[in-house]
Amino acid sequence: GNYPYNEVLQVDGAYVDEFFYWLVLEKRGKDQMLCRRIGCFDLGDEKFKNLELPKFTGHMLHVGVLERFLCLVCNHYESGPGAWTIWVMKEHGIISSWAIVANIPILFRTPFVVPLSINKHGEVVLQMGHKKVVKFNSRKNKFDVLVHKNFEIETALYTESNLSPCTNPKRKATAEARGILKRAEL
């Protein structure tokens, strides 16, 4: 079908269970206001589809994969300094399957937050901006810095697939990035 979105906000999307997802802008309603959505392409029938979102306040910042599920990161500032909320969709297309897996306090400024992994104890490994990877322990409400460099880093998780996870062929995961999760002991 025709490409229904006005603008892609996140070039490196997510691939989960035969679906590609991106953070996009789409014109909606009679006044054609631009709204943030999760764009979805079904590889099975080769069509774009709308994805129902969980009810939340704030802004969608990132769409990715967390422990084989579609992941959505939102920020909100309802009280205090605010928080990043990490949602996962456990069953494609089922709005009731969206679940919050972590609420992380916003203690410092960062241009973006990408969840990399979460364990059964609720510890989340995140890339925060271009130079830092941290582990957040929700029980202790504590951040541990795993990597902090004076140069840009890029993290990558390996998932066996016949599809390329990168849209840019020049991107490469470094040995250091591959070792981050091992050092985090997740």
Side-chain angles (χ1 to χ4, degrees), residues 3-28 33-43 47-79 81-130 132-138 143 154-157 159 161 163 165-167 181 186:
Y3 186 74
Y5 310 114
N6 296 84
E7 185 178 341
V8 174
L9 298 174
Q10 179 185 335
V11 176
D12 57 336
Y15 172 72
V16 181
D17 294 332
E18 304 295 319
F19 294 90
F20 281 108
Y21 302 93
W22 303 269
L23 196 55
V24 299
L25 283 177
E26 177 183 45
K27 287 185 179 176
R28 301 197 43 126
M33 291 289 293
L34 286 174
C35 299
R36 284 182 182 228
R37 304 278 305 151
I38 296 177
C40 176
F41 183 76
D42 183 340
L43 285 177
K47 291 184 181 175
F48 289 96
K49 298 182 176 181
N50 289 325
L51 185 68
E52 292 294 323
L53 299 173
K55 300 262 188 264
F56 64 91
T57 58
H59 299 283
M60 291 185 285
L61 301 176
H62 176 78
V63 173
V65 179
L66 186 61
E67 303 304 318
R68 84 178 197 284
F69 299 114
L70 178 64
C71 168
L72 172 63
V73 179
C74 303
N75 69 356
H76 56 88
Y77 297 92
E78 292 174 1
S79 62
W84 293 293
T85 301
I86 301 174
W87 295 79
V88 294
M89 181 180 243
K90 300 213 174 187
E91 217 175 313
H92 172 77
I94 308 296
I95 192 166
S96 62
S97 75
W98 281 106
I100 294 173
V101 295
N103 278 306
I104 300 168
I106 299 174
L107 300 179
F108 43 87
R109 296 176 59 120
T110 183
F112 63 87
V113 176
V114 177
L116 300 173
S117 185
I118 187 169
N119 68 16
K120 62 185 175 185
H121 305 293
E123 294 175 316
V124 184
V125 175
L126 307 146
Q127 180 172 348
M128 301 186 97
H130 297 286
K132 192 181 294 186
V133 177
V134 301
K135 178 170 61 173
F136 176 72
N137 183 318
S138 58
F143 286 96
E154 185 172 336
T155 56
L157 297 178
T159 302
S161 171
L163 298 170
C166 296
T167 56
L181 294 178
L186 293 179

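On a predicted model such as this, the values are computed, not experimentally measured, just so you know.
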| query | Could you give the distance from CG (Leu51) to CD1 (Ile38), rounded to the nearest 0.5 Å? | reply | 5.0 Å
| Taking only residues two or more places apart in sequence or in another chain, which ones pass salt bridge (Lys or Arg N to Asp or Glu O under 4.0 Å) with Asp17? | none
| Do Leu66 and Ile118 touch side chain to side chain, with heavy atoms closer than 4.5 Å? | yes
| Of the non-hydrogen atoms in Gly39 and Val24, which two are nearest, and what is the gap between them? | N-CG2, 3.7 Å
| task | State, with a plain yes or no, whether a side-chain heavy atom of Ile86 is found less than 4.5 Å away from one of Ile100. | result | no
| field | Contact check, side chains of Leu70 and Val88, non-hydrogen atoms, under 4.5 Å | value | no
| query | For the ring pair (Phe, Tyr, Trp, His ring centres under 6.0 Å) test, which of Phe41, Phe48, Tyr15 pairs with Phe20? | reply | Tyr15
| Audit row: Val134, Val125, side chain to side chain contact (heavy atoms under 4.5 Å, CB included) steps and yes/no | CA-CA 6 Å; Val134 301; Val125 175; over 6 Å; no
| task | Please lay out, stage by stage, how Ser117 and Glu67 fare under the test side chain to side chain donor-acceptor pair (under 3.5 Å). | result | CA-CA 7 Å; Ser117 185; Glu67 303 304 318; 3.1 Å; yes
| Non-hydrogen atoms of Met60 and Arg37 that approach each other most closely | CE-N, 3.5 Å
| request: With the side chain counted from C-beta on, respond yes when Val113 and Leu61 share a heavy-atom pair under 4.5 Å apart, and no when they do not. | output: no
| task | Mind checking the CD-CH2 spacing from Glu91 to Trp98? Nearest 0.5 Å is all I need. | result | 13.0 Å
| Looking only at heavy atoms, which two atoms of Glu123 and Asn137 are closest? And how far apart? | OE2-ND2, 3.3 Å
| message | In the structure I gave you, are the side-chain heavy atoms of Phe136 and Pro105 within less than 4.5 Å of one another anywhere? | response | yes
| request: Output the distance between atom SG (Cys71) and atom CE (Met89), rounded to the nearest 0.5 Å. | output: 12.5 Å
| said: For Phe112 and His130, take the angle between the two ring planes, folded into 0 to 90°, and tell me which bin it lands in: parallel under 30, tilted 30 to 60, perpendicular over 60. | reply: perpendicular
| query | Distance from Leu72 atom CG to Leu53 atom CG, nearest 0.5 Å? | reply | 7.0 Å
| query | Can Lys47 and Asp42 be counted as an ion pair, charged N to O under 4.0 angstrom? | reply | no
| task | Report the distance from atom CH2 of Trp84 to atom NE2 of His62, rounding to the nearest 0.5 Å. | result | 13.5 Å
| Close side-chain approach of Val16 to Tyr21, heavy-atom, < 4.5 Å | yes
| Yes or no on ring pair (Phe, Tyr, Trp, His ring centres under 6.0 Å) for Phe19 and His92, after CA distance, side-chain angles and deciding distance? | CA-CA 9 Å; Phe19 294 90; His92 172 77; 3.6 Å; yes
| field | Where Pro115 and Leu126 come nearest, the two heavy atoms and their spacing | value | CA-CD2, 3.7 Å
| request: Quick one: list whatever passes salt bridge (Lys or Arg N to Asp or Glu O under 4.0 Å) with Lys90, sequence neighbours left out. | output: none
| note | Output for pair (Asn103 CG, Thr85 OG1), nearest 0.5 Å, gives 4.0 Å
